[in-house]
Amino acid sequence: MNDRDVPSVDFELTPEEWEDVNAAHLFASSHYDELISNARKVGALLFATLSALCFLMGFTLGAVLFAVSLAPFVYLVGPMQRQAQRKALAKLSQEGVAHGLFGHHRVEVREDGLFHRSSAMETLIRWHAVDEVVEREGHFFVYTGANSFLPIPVTAFSDSDQLRAFSEGFHRHLAHAREGARLAPPSGGEGPEG
C-alpha cells in the first residue's frame, strides 16, 4: 500500500481554532453543566441569605436589591463563566500550549492506528485507544479519554469523496480492532476452547 492509498487529511490548526475546539469540548461536558448548576445554587443561596439578613436588620432597600439581583445573577452566571473560560483558553494559546500544536497537521488512517504528525511531533493512536468520535462545532473529535482528543476540522476535507474515504477507512479499522479485542482470549488464558 502506498501513501496515495492511505486515507489521510491535512489541515492547519490556528490558535483561534484550538480555543474553539477546547471551548466546544468543555461546554459540552456534563461536568461543566454541573459546575454552572452548582454556581447558580450557591449564588441563589447567597443572594437569598443576604436579602433575608438585610430584611431582619431593617435594611429594606438592601433586602430588595439583593432579592431583585438574584434572577439576573442566576441567568448571567452561565454566560459569565463561558466568557471567563474563553479568556483562559485565549491566554493559554497566546502563551504557547505545546510546541508544534499550531500549524500544519496530517492525520492518516493506518492499519495499526491513527497516525498524527505536526511540525514538532508524531503520534500513533492505536485503534483500541479510540473511545469515540463526535462531530461538534465544525470538528470531528477523536476521543482517547474523557479529556483527551484529537480535533480534525470538517473543512480539512476538500470534498465529500475525501471525507467518505477517510471515514470509511477509519471506521473499518476501528471496527476490526474492536472485533479483534472481543475475540482475543483473556490475558494468560487459553481462550474458550482451552
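For this chain, numbers begin at 1 and follow the sequence in order.
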Item to complete: Verify side-chain hydrogen bond (donor to acceptor under 3.5 Å, both in side chains) between D112 and H173, making sure each step is shown before the conclusion.
Response: CA-CA 8 Å; D112 52 351; H173 287 298; over 6 Å; no
Worksheet item: Hey, does the side chain of Q162 reach the backbone of S8 with a donor-acceptor pair shorter than 3.5 angstrom?
Response: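 Looks like yes, one N/O pair under 3.5 Å.
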Item to complete: Would you list the pairs meeting salt bridge (Lys or Arg N to Asp or Glu O under 4.0 Å) in which at least one residue belongs to residues 29-49, sequence neighbours left out?
Response: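 Non-adjacent pairs meeting salt bridge (Lys or Arg N to Asp or Glu O under 4.0 Å): zero.
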Discussion item. Given V9, which partner from the list V109, V107, L163 fulfils the side chain to side chain contact (heavy atoms under 4.5 Å, CB included) test?
Written reply: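 Only one option passes, and that is V107.
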Discussion item. Counting the benzene-type ring for Trp, do H25 and Y143 have ring centres under 6.0 Å apart?
Written reply: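 Yes, they do, as the ring centres are separated by less than 6.0 Å.
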For a quick test of reading the model, state the closest non-hydrogen atom pair linking [X] to [Y] and the distance between them.
X: W127; Y: G113; result: NE1-N, 3.0 Å
X: A44; Y: F73; result: N-CE2, 4.4 Å
X: W18; Y: L89; result: CZ3-O, 3.4 Å

Report all side-chain donor-acceptor pairs from residues 51-68 shorter than 3.5 Å, counting only partners two or more places apart or in another chain.
| from | atom 1 | to | atom 2 | distance (Å) |
| --- | --- | --- | --- | --- |
| S51 | OG | A63 | O | 2.8 |

Worksheet item: Using a distance-only test with no angle check, is there a side-chain donor-acceptor pair under 3.5 angstrom linking D20 and H139?
Response: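 Judged by distance alone, the side chains do not pair up.
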Worksheet item: Do H105 and D10 have side-chain N/O donor and acceptor atoms under 3.5 Å apart?
Response: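 Side-chain D/A pair, H105 to D10: absent.
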Item to complete: List for me each residue that meets ring pair (Phe, Tyr, Trp, His ring centres under 6.0 Å) alongside F27, sequence neighbours excluded, and say none if there are none.
Response: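 Testing F27 for ring pair (Phe, Tyr, Trp, His ring centres under 6.0 Å), a comparison that skips the adjacent residues, returns Y32.
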